[in-house]
Amino acid sequence: MPAPTLTGDRVVLRPVSPQDHAALSRIRATDEVSRWWGYDDEFLDADCVQFAVLVHGRPIGMIQYAEETDPMYRHAGIDLFLDPQTHGQGYGSEAIRLLAGHLFDDIGHHRLVIDPAAANAAAIAAYRKAGFRPVGVMRSYERNADRSGWHDGLLMELLAGELT
């Protein structure tokens with residue numbers, strides 16, 4: 001079943017389409033985004049459901065989710081990047097709330113996880129605004145974008161009744 005378009009007060013989440021690729025690639029190439037997401041242009045992942053984050057009809061980023069479908073561990077993980085020019089304006093938190101509401105209310109998940117780099121303060125602040133809570137630090141969890149070494153990740157989770 002195709003992913004729906006989700007509409008908030010200021011943000012619309014629409015399934016990523018080929019018309020979004022140039023804008024998303026440009027955003028992905030900015031230093032602030034590529035620092036966490038890497039430098040390549042291969043961010044489209046068939047294992048994830050991906051949405052363009054739109055403001056006034058213009059893509060300002062992407063949010064995605066992947067599902068763990070084993071009934072013993074069923075949950076979803078999400079991830080997000082936004083154009084640095086839009087940081088600090090609440091668009092990220094709104095996009096997270098929209099997607100989380102869809103995953104809880106429409107799909108039936110009871111728990112969501114996210115794993116930003118432990119040093120990515122802007123992302124962690126946006127996730128906290130939506131109600132995500134830190135679970136713990138995963139040491140040397142992810143390769144640095146330039147492949148120079150490893151950095152820690154912060155595992156965060158949100159239960160259905162905790163969405164703010």
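Computed from a prediction, not measured in an experiment: that's the story for all the values here.
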Would you mind writing out the side-chain donor-acceptor pairs for residues 113-123 within the sub-3.5 Å range, not counting sequence neighbours?
{"unit_1": "Asp115", "atom_1": "OD2", "unit_2": "Tyr141", "atom_2": "OH", "d": "2.3"}
{"unit_1": "Asn120", "atom_1": "OD1", "unit_2": "Ala123", "atom_2": "N", "d": "3.2"}

Taking [Y]'s backbone N and O only, do any of them form a donor-acceptor pair with [X]'s side chain (distance below 3.5 Å, no angle check)?
X     : Y     : result
His75 : Tyr73 : yes
Asp70 : Met72 : yes
Glu32 : Pro84 : no

Please give me the minimum heavy-atom distance between [X] and [Y], naming the atom from each residue.
X      : Y      : result
Ile27  : Thr30  : O-OG1, 2.8 Å
Thr164 : Arg97  : O-NE, 2.6 Å
Ala126 : Ser93  : O-OG, 3.3 Å
Leu158 : Ala100 : CD2-CB, 4.2 Å
Pro134 : Leu154 : CB-CD1, 4.1 Å
Ser34  : Ala145 : O-CB, 3.2 Å

With heavy-atom distances below 4.5 Å as the criterion, would you say the side chains of [X] and [Y] are in contact?
X      : Y     : answer
Val53  : Phe81 : no
Val16  : Leu24 : yes
Ile60  : Leu54 : no
His109 : Glu67 : yes
Tyr127 : Leu80 : yes
Asp83  : Arg26 : yes
Asp79  : Trp37 : yes

Quick check on Arg133: does its CZ atom have over 12 non-hydrogen neighbours (other residues, nucleotides or ligands) under 6.0 Å away? no
Item to check | Whether over 12 other heavy atoms sit under 6.0 Å from Gln89 CD | outcome: yes
Here the gap from His56 atom NE2 to Arg10 atom CZ, rounded to the nearest 0.5 Å, amounts to 8.5 Å
d(Glu94 CD, Leu6 CG) to nearest 0.5 Å is 11.0 Å
Which of Arg14, Arg58, Arg28 passes salt bridge (Lys or Arg N to Asp or Glu O under 4.0 Å) with Asp20? Answer is Arg14
Are [Y] and [X] linked, directly or through intermediate hydrophobic residues, by side-chain heavy-atom contacts shorter than 4.5 Å (ILVMFWY only)?
X      : Y      : result
Val137 : Phe132 : yes
Leu82  : Trp36  : no
Ile107 : Leu163 : yes
Met62  : Val33  : yes
Ile63  : Val49  : yes

Those residues at least two apart in sequence (or on a different chain) that pass salt bridge (Lys or Arg N to Asp or Glu O under 4.0 Å) with Arg111 are Glu157
Review point. Parallel under 30°, tilted from 30 to 60°, perpendicular over 60°: which one fits the rings of Tyr65 and Phe51?
Key: parallel
